[in-house]
4 protein chains.
Amino acid sequence: MARSKEEVVQEFRIHTIRDAAMRVIARRGMAAATMQEIADEAGVAKGTIYLYFKDRDDLVEKTFESAMSDLHKRVDEALETEGTFEVKLRAVVAAQIGFFQANREFFRLYISLRYPEGNAQQQRRQKRHCQPQYKSRVERIAAVIEAAMERGEIRKMDPMRLALFIIEGSSAVIIERVLDEAPPPEEADIELIAGTILGGIRS
Amino acid sequence: MARSKEEVVQEFRIHTIRDAAMRVIARRGMAAATMQEIADEAGVAKGTIYLYFKDRDDLVEKTFESAMSDLHKRVDEALETEGTFEVKLRAVVAAQIGFFQANREFFRLYISLRYPEGNAQQQRRQKRHCQPQYKSRVERIAAVIEAAMERGEIRKMDPMRLALFIIEGSSAVIIERVLDEAPPPEEADIELIAGTILGGIRS
Amino acid sequence: MARSKEEVVQEFRIHTIRDAAMRVIARRGMAAATMQEIADEAGVAKGTIYLYFKDRDDLVEKTFESAMSDLHKRVDEALETEGTFEVKLRAVVAAQIGFFQANREFFRLYISLRYPEGNAQQQRRQKRHCQPQYKSRVERIAAVIEAAMERGEIRKMDPMRLALFIIEGSSAVIIERVLDEAPPPEEADIELIAGTILGGIRS
Amino acid sequence: MARSKEEVVQEFRIHTIRDAAMRVIARRGMAAATMQEIADEAGVAKGTIYLYFKDRDDLVEKTFESAMSDLHKRVDEALETEGTFEVKLRAVVAAQIGFFQANREFFRLYISLRYPEGNAQQQRRQKRHCQPQYKSRVERIAAVIEAAMERGEIRKMDPMRLALFIIEGSSAVIIERVLDEAPPPEEADIELIAGTILGGIRS
DNA sequence: CATGAATGAGAATTCATTCAT
DNA sequence: AATGAATGAATTCTCATTCAT
């Protein structure tokens, strides 16, 4: 397996650069992140990036996809937790907290790409690649919600909209956590979110 | 009042340019919105913009502030609705729907600035100006929540985090509404949001 | 005619830049001529060039076309000289000498574009624009040759190939003239070329 | 002779790379021919080229020299044909046709280097190396012309300029041949060129 | 010897900002 | 006050060249 070593190096470089890109985008924002700074952050020369990514768009896209697929995987696993909807919901919220905690920087990239910028052509490209990931996550959750509705666990309402409400509401709380210097224990936030969704806020 | 007329013209120009900026940013996204396109959209020369705004950042900032203060005013009015927390909540959600419906384009600017881009200096500046607006809205809602808690209307929990959860969760649903070609009636979405928050989703 | 002045300025800029481009290309060669050097030579900023030309290709193309159409015009006028083929031939050679003398720098651009470089797409583009100019010049001369053949002034042979032979043979002599520090009188070279073509070199 | 084998390999490598360079330059043009493509075409690694050639300029130069010395040899042999100037001339034209036919790709390199590009330093270098080759060919022909003049075979005129006229005029016709999908028989073009030069075009 | 990954200087292009009219 | 032509800093991307393996 003489190939193996080269592939490992290749993998490693791609990883290094993607991570650097994530950090720089997180620091500067999508638009202000320059190839030079990403290269510096990754500890490679500008030209090296182009050996592994076609162009700037390609790098950003791949970086995003990679992070999203991580979030995706975590949420999917959480959704497969055995038990009631409540159990699943708590698992999902915990998964999101875990993800954003591990990828503190990511949430700005996440925001940047969910509402893509650039000309129409670029937007179409991003939509093609990035939106589906988000949408499919919403849909997965909507499906679990629907199943719970049919089992009579929760009230009937539009499952897609409810999924959105849950994802974004909890993301906001989680992002605040991430920005917080001294966040409360995870359980407190999970309880706040899951409790509110399940039982409402009425005393 | 000879001054008056000049002032009116001044006001009008500022308005025209701000609206143009909002449309262009909405169309292209923050980074791809050029001064030239904004000038064209406003029907003035590029140089004219600089008579009314210090630079690009200033224009964006003022545009954002202006729109936010509109949203702000609406939410504030809603919060002053007489009645229970439920009444206030429904009024707030309705106000947000009304705002985003009237300013369909705004939400991208809103997104862009909530998670500002640019170099560190720009970021600090934006934080100083824009974050407070958002924060103050969250705080106002948190205050109303706290009052309701004290009146025993709702359960005790972290009011700031709850406010965030409500604002973002409902914003997401509302943004989806705005993007939706044929959205359901306003009341349905208000019911979904307010109902979930107040009573939870458990049957 | 308020427009007139602006148009004059516009024309003037285009001229200035084209001339600068010609000088720089002549000096450095097609490939090594940078936008920066062209801008410097023209006494404008790099960005200014892009106000008048879409991109580098556009500038080179227009520069070439402009020079070619000058050469073209001169040769055409020469071909319309009244008289025998000999008279026309001498006029054409004189026109070419005049052109290259006035545009000493041009011949390298001329060479560069007759045998275009770059990728297939660029080549196609150049072929579309530049080759036709050259080809049409060859064809015009070929037509005059054919007419002379029919009048019995000259022997029958392939007119296109003969035209090529005449144009390139004389161009080479003329270019040598241009490079020559102390060239012989024009008449001597015209005589050499026209005499050789018409009467051959046999004593 | 242990050296011999190594030398043979060395020679072979140099040959392979030079030929590849010629094909690539012919295909892409001087400026767009990259070391990578040349390496690929030669079936070696980029770095290998630098073992045999100092740098890109060196490679191009040696490639040119090698091809030119081939053309040179053929023309020299033709010039040594026994007989009148007419016989020699026909032989030279035939030699050129033969050469360009065998090296179809070469003419673009030929053009590129006759009118060299690049910065002043590169130009000086190329002039030093390449121009002499061309010049010496012109001079050799000029010498033969002069001899013929002295023997009274042809009229007195500037032999250098006449040589240029003959070389370029015939090259143009020959290049057209090469580009031609279905060229006329060689003899026809030889006749056209030699006939015109010797006897002129007057009937 | 041969390789090809890594480098970084250098080129084209864009666009916020200025300033003469 | 309004204009928009001119500017040049900043950015992306390419490719000749080097050097560790």
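We name chains A, B, ... by the order of the sequence lines, and we start the count at 1 in each one.
Closest approach of C:Val24 and C:Ala33 over heavy atoms only: CG1-CB, 3.7 Å. Taking each heavy atom of B:Tyr52 and B:Thr48 in turn, the nearest pair found is CD1-O, 3.3 Å. Looking at every heavy atom in both residues, D:Phe53 comes nearest to D:Ile17 through CE1-CG2, 3.7 Å.
In this structure, CD1 on C:Ile25 lies 10.5 Å from CD on C:Glu37, to the nearest 0.5 angstrom. To the nearest 0.5 Å, atoms CD (B:Glu41) and CE (B:Met22) are separated by 11.5 Å. Taking CZ of B:Arg56 as the reference point, atom CG of B:Asp58 lies at 12.0 Å (rounded to 0.5 Å).
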>> What verdict does the side-chain contact (heavy atoms from CB on, under 4.5 Å) test give for C:Glu11 and C:Val8, after you've listed the backbone C-alpha separation in whole Å, the side-chain angles of each residue and the deciding distance to 0.1 Å?
In response: CA-CA 5 Å; C:Glu11 286 294 312; C:Val8 166; 5.6 Å; no
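Counting 5' to 3', DNA chain F first comes under 4.0 angstrom of a heavy atom of chain C and last does so at the ends given by F:dA5 to F:dA10.
The distance between atom CZ of B:Arg56 and atom C1' of E:dC15, rounded to the nearest whole Å, is 10 Å. Spacing between atom CG of B:Asp55 and atom P of E:dC15 amounts to 17 Å, rounded to whole angstrom units. For the pair C:Glu37 CD and E:dA11 P, the interatomic distance rounds to 9 Å; values are reported in whole Å. Rounded to a whole Å, the CD atom of A:Gln36 is 15 Å from the P atom of E:dG10. Rounded to an integer number of Å, the gap from A:Ile38 CD1 to E:dT7 P is 15 Å. Atom CD1 in B:Ile25 sits roughly 11 Å away from atom P in E:dA16 (whole-Å rounding). The nearest whole Å value for the distance from the CD1 atom in D:Ile14 to the P atom in E:dA2 is 11 Å.
A salt bridge does not link C:Asp19 to C:Arg23: none of the charged side-chain nitrogens sits closer than 4.0 Å to a carboxylate oxygen.
In this structure, C:Tyr50 does not reach the E:dC15 phosphate: none of its side-chain N or O atoms is under 4.0 Å from OP1 or OP2.
Taking only distance into account, the side chain of A:Lys46 meets the base of E:dG10 through a donor-acceptor pair shorter than 3.5 Å.
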>> Could you spell out the base pairing of DNA chain E as a dot-bracket line? Use Watson-Crick and G-U wobble contacts where both distances are under 3.5 Å, [ ] for crossing pairs, | for partners on a different strand.
In response: .||||||||||||||||||||
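With respect to B:Ile49, the side chain to side chain contact (heavy atoms under 4.5 Å, CB included) criterion is satisfied by exactly one of B:Met35, B:Gln36, B:Arg13: B:Met35.
A:Thr34 comes within 4.0 angstrom of the backbone, heavy atoms only, and of no base. Here C:Phe53 lies out of heavy-atom contact (under 4.0 Å) with every strand.
Across the interface with DNA chain F, nearest-nucleotide mapping of A:Gly47 and C:Val44 shows C:Val44 to be the residue nearer the 5′ end. When each of B:Met35 and D:Ala45 is assigned the nucleotide of DNA chain E bearing its nearest heavy atom, the one mapping closer to the 5' terminus is D:Ala45.
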